[in-house]
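Both backbone and side-chain heavy atoms feed into the values below; hydrogens, waters and symmetry mates do not. What you see is a predicted model; the values in this text were computed from it and never measured. Each chain gets a letter, A, B and so on, in the order the sequences are listed, and its residues count up from 1.
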Amino acid sequence: MDLEKLLTDRLAPAFEKVAGLPVDPVVRRSQRADFQSDAALALARRLGRPPRSIAAEVLDRAELGDLCAVAEVSGPGFLNLTVADRALGGLVAALATDPRLGVPVAAEPETVVVDYSGPNVAKEMHVGHLRSTVIGDAAARLLEWLGHRVVRANHLGDWGTPFGMLIEHLADLGEAEAAQELSMGDLDAFYKAARAKFDADEAFRERSRQRVVALQGGDEATLRLWRLLVEQSERYFLAVYELLDVTLTARDFQGESSYNDLLAPVVADLDRAGLLRESDGAACVFPPGFAGRDGEPLPLIVRKSDGGYGYPATDLAAIRHRTGSVGATRLLYVVGLPQRRHFELVYAAAAQAGWLVPPARAEHVGFGSILGSDGRMLRSRSGESVKLVALLEEAVARATWLARERNPDLGEAEAAEVGRAVGIGAIKYADLSSDRHKDYVLDWERMLALDGNTAPYLQYAYSRIRSIFRRAGTAARPDAAISLVEPAERALAIELLGFSGVVAEVARSLDFHQLAAYLYRLAAAFSAFYERCPVLRAGGELRESRLLLCDLTARVLRQGLYLLGIRTPERL
RNA sequence: GCGCCCGUAGCUCAGCGGAUAGAGCAGGGGACUUCUAAUCCCAAGGCCGCAGGUUCGAAUCCUGCCGGGCGCACCA
């Protein structure tokens with residue numbers, strides 16, 4: 001049970017009695033006590049009474065006897081609450097017997113579509129895909145764990161005009177040769193070669209254009225080549241996902257092309273609904289409230305003047321499919337912040353068309369860019385975007401080297417495994433531990449540091465606990481009585497009880513840095529505990545109590561890191 | 001021109017209506033006969049971009065500036 005919520009539930013009725021209307025007690029952690037409630041201050045004006053007197057009356061009417069050792073009015077009208085050790089111990093003991101660590105399954109499970117990663121066929125995945133993939137995967141893991149039905153939608157860029165030149169290039173190379181090149185994972189070289197020919201060779205350009213027509217016309221031979229391209233790319237992406245340790249599978253690819261047959265009907269429906277207007281030959285929806293550069297209403301172009309369909313049409317078709325056929329009520333789009341306006345337009349149009357109506361809603365889970373140490377968008381020395389695999393491989397190599405250096409006892413295989421867990425974990429944690437709306441600077445030294453708010457620090461805390469149990473040779477007794485004698489173990493207990501609250505908040509906000517910050521606080525509380533509270537050398541009941549605290553900490557760390565997509569090796 | 005995101009300690013970041021603004025790193029000082037010192041503890045470090053306003057109370061809300069980034073009709 002979440003302590004903060006428990007205190008809130010106890011204070012709320014008292015506040016309501018005093019104020020005569022429902023009041024949020026605004027319980028939060030405090031430096032002067034375990035928790036504090038600030039609501040009396042805000043109430044003073046409305047009730048025309050001194051805040052201290054309100055606070056005192058609330059205290060008088062609240063049932064806190066079994067929970068709090070100290071509950072007092074402080075300063076201008078704060079309520080300072082110190083939880084009784086006995087109550088704390090009881091709550092922790094209850095947590096220990098809960099396989100879900102205090103986190104309830106969603107009362108009303110929904111179907112959630114998480115649209116993330118979305119690489120482009122025949123193009124290398126670069127750092128730009130990293131954040132979408134990592135954040136989206138965390139969202140999918142979290143919501144799934146909470147009991148929602150999660151549909152992972154990997155909106156593959158598998159359609160559009162570039163495929164003319166890509167297929168022509170493939171045909172030029174010969175299928176066997178092309179398959180060979182693509183399977184080596186050198187998608188960049190393939191794409192660039194096609195691009196170079198397209199830019200330089202007029203005849204090739206013309207053939208490419210005809211290919212696009214053939215592709216869209218459903219020419220079987222062309223489609224076969226296209227499928228080859230898609231299959232090889234998907235195979236490559238799956239290899240990257242495995243290295244990145246994300247939960248996306250082959251079943252989750254939902255290419256743009258899969259909406260092809262829906263585009264015309266979508267536009268027809270928009271027309272029927274009277275939402276369509278022609279502008280410069282293009283079929284547009286003009287959702288109210290959007291203005292462009294010139295102050296004119298901003299269009300969402302659902303059919304281009306050449307008759308072709310672009311992104312907006314596909315996105316609308318996807319929404320209609322997801323709310324209609326899939327039955328989703330929450331649509332998450334884990335896409336960079338620059339595309340914000342695009343999605344606002346799409347959501348507005350979908351709402352007008354009746355495809356996105358409550359309880360269904362769409363959220364743009366936007367994020368900033370990854371910057372290099374120079375504070376600019378991360379680029380390779382040659383000025384190109386950095387290959388994602390290169391980044392991941394470097395992370396693993398650095399972490400493996402660190403693991404070998406730090407712990408020579410590790411065998412080759414284990415060092416490699418630890419290197420992967422730590423390296424990939426470090427990359428993901430660096431991404432998830434700061435506010436996703438901001439750009440962040442990729443810095444190897446910092447993300448792989450063993451102290452500070454990093455994945456290795458958390459993994460280290462976990463491995464220290466596992467080490468204790470290896471030495472103990474036994475598991476913790478889940479029914480052990482909890483006794484909290486040292487301040488450090490009290491502090492640890494309070495942190496443990498905060499897990500469910502944080503998880504609930506993050507499920508709503510998808511601000512994973514709050515979960516990261518919580519896990520860091522927990523790990524830091526554990527490290528302080530570890531320093532001052534001997535476990536194995538403690539006697540009898542104290543030992544059992546501490547073993548249980550250790551076990552709980554390990555479980556929360558493991559589960560929390562799992563939700564972020566980060567592994568927890570048994571030792572580092 | 002309009003819109004969005006962002007300016008907090010030397011650096012990287014939390015905090016987004018409440019009590020003296022918090023972490024980590026770097027720099028200073030301590031702690032290994034004791035469960036991994038890949039750790040812990042202590043001290044130091046801030047006109048919270050600037051100026052107004054709202055409020056009993058503003059880093060937090062509003063307005064206007066300044067600075068950085070990104071968008072703004074047929075590219076996905």
Side-chain angles (χ1 to χ4, degrees), chain A residues 26 28 30-32 36 38-42 44-45 50-51 74-78 80 118 120 157 159-162 256 279-284 286 290-306 308-312 314 336-342 344 366-369 371 375-377 402-403 405-407 409 422 430 433-435 437-441 443 445-454 456-457 459-461 463-465 467-472 488 513-514 516-517 520-521 524 527-538 546 550 571-572:
Chain A
V26 214
R28 59 187 179 91
S30 173
Q31 292 172 1
R32 303 168 179 244
Q36 69 182 56
D38 302 345
L41 279 311
R45 169 177 285 268
S74 168
F78 298 101
N80 285 355
N120 293 313
W159 203 250
T161 47
E256 293 167 13
S279 177
D280 291 340
C284 305
F286 288 87
F290 295 88
R293 191 192 298 276
D294 46 11
E296 294 298 305
L298 203 58
L300 187 68
I301 298 175
V302 295
R303 192 180 56 224
K304 297 185 284 183
S305 52
D306 67 2
Y309 300 101
Y311 236 24
T314 311
L337 243 15
Q339 296 202 48
R340 179 170 170 144
R341 203 145 20 259
H342 165 71
E344 282 175 349
F367 51 82
S369 309
L371 308 179
R376 313 188 56 165
M377 293 264 278
L402 266 174
E405 195 195 43
R406 276 3 223 257
N407 191 351
D409 293 346
V422 172
S433 60
S434 70
D435 186 340
H437 298 96
K438 297 190 179 186
D439 296 347
Y440 81 90
V441 178
D443 181 333
E445 302 283 316
R446 196 177 316 120
M447 74 169 92
L448 284 167
L450 298 317
D451 38 27
N453 189 10
T454 67
Y457 179 83
Q459 289 168 320
Y460 177 59
S463 77
R464 281 174 125 185
I465 300 172
S467 171
I468 289 173
F469 283 104
R470 273 196 299 277
R471 288 189 172 254
H513 73 282
Q514 292 181 354
Y520 176 61
R521 255 183 283 128
S527 295
F529 160 86
Y530 182 90
E531 214 56 40
R532 292 184 203 92
C533 305
V535 177
L536 298 179
R537 283 178 293 104
R546 288 180 174 170
C550 285
R571 53 181 198 160
L572 295 191

Heavy-atom donor-acceptor pair, A:Thr161 side-chain to B:A76 base, under 3.5 Å: no
Would A:Tyr520 and A:Ser433 count as having a side-chain donor-acceptor pair, cut-off 3.5 Å?
no
Per nearest nucleotide of RNA chain B, the residue lying toward the 5' end, A:Asp280 or A:Gly452, is A:Gly452
(message) Using a heavy-atom cut-off of 4.0 Å across all strands, would you classify A:Ser527 as base, sugar-phosphate, or nothing?
(response) sugar-phosphate
Between CD of A:Gln31 and C1' of B:G18 the distance, given in whole Å, is 12 Å
Taking for A:Tyr530 and for A:Gly281 the nucleotide of RNA chain B with the nearest heavy atom, the one nearer the 5' end belongs to A:Tyr530
Stacking check A:Phe78 vs B:G18 (5.5 Å / 30 deg):
no
Practice item. Describe the nucleic acid contact of A:Pro338 in one word from base, sugar-phosphate, nothing, applying a heavy-atom distance below 4.0 Å. Key: sugar-phosphate
Problem - Distance between C1' atoms of B:A51 and B:C66 (Å, rounded) - result: 10 Å
In terms of heavy-atom contacts, does CD of A:Gln31 have more than 12 from other residues, nucleotides or ligands at under 6.0 Å?
-> no
Legend entry - Same-atom distance (C1') from B:C65 to B:C25, integer angstrom: 34 Å
Worksheet item: If you measure from the P atom in B:G67 to the same atom in B:G24, how many Å do you get, rounded?
Response: 35 Å
Separation of B:A19 atom P from A:Leu41 atom CG, nearest Å, is 9 Å
To the nearest angstrom, the OH-P distance between A:Tyr457 and B:A38 comes to 13 Å
Taken to the nearest whole Å, CD/A:Gln514 to P/B:C13 is 17 Å
To the nearest angstrom, the CG-P distance between A:Leu298 and B:C74 comes to 10 Å
Which of A:Leu402, A:Leu450, A:Val422 passes side-chain contact (heavy atoms from CB on, under 4.5 Å) with A:Leu572? It is A:Val422
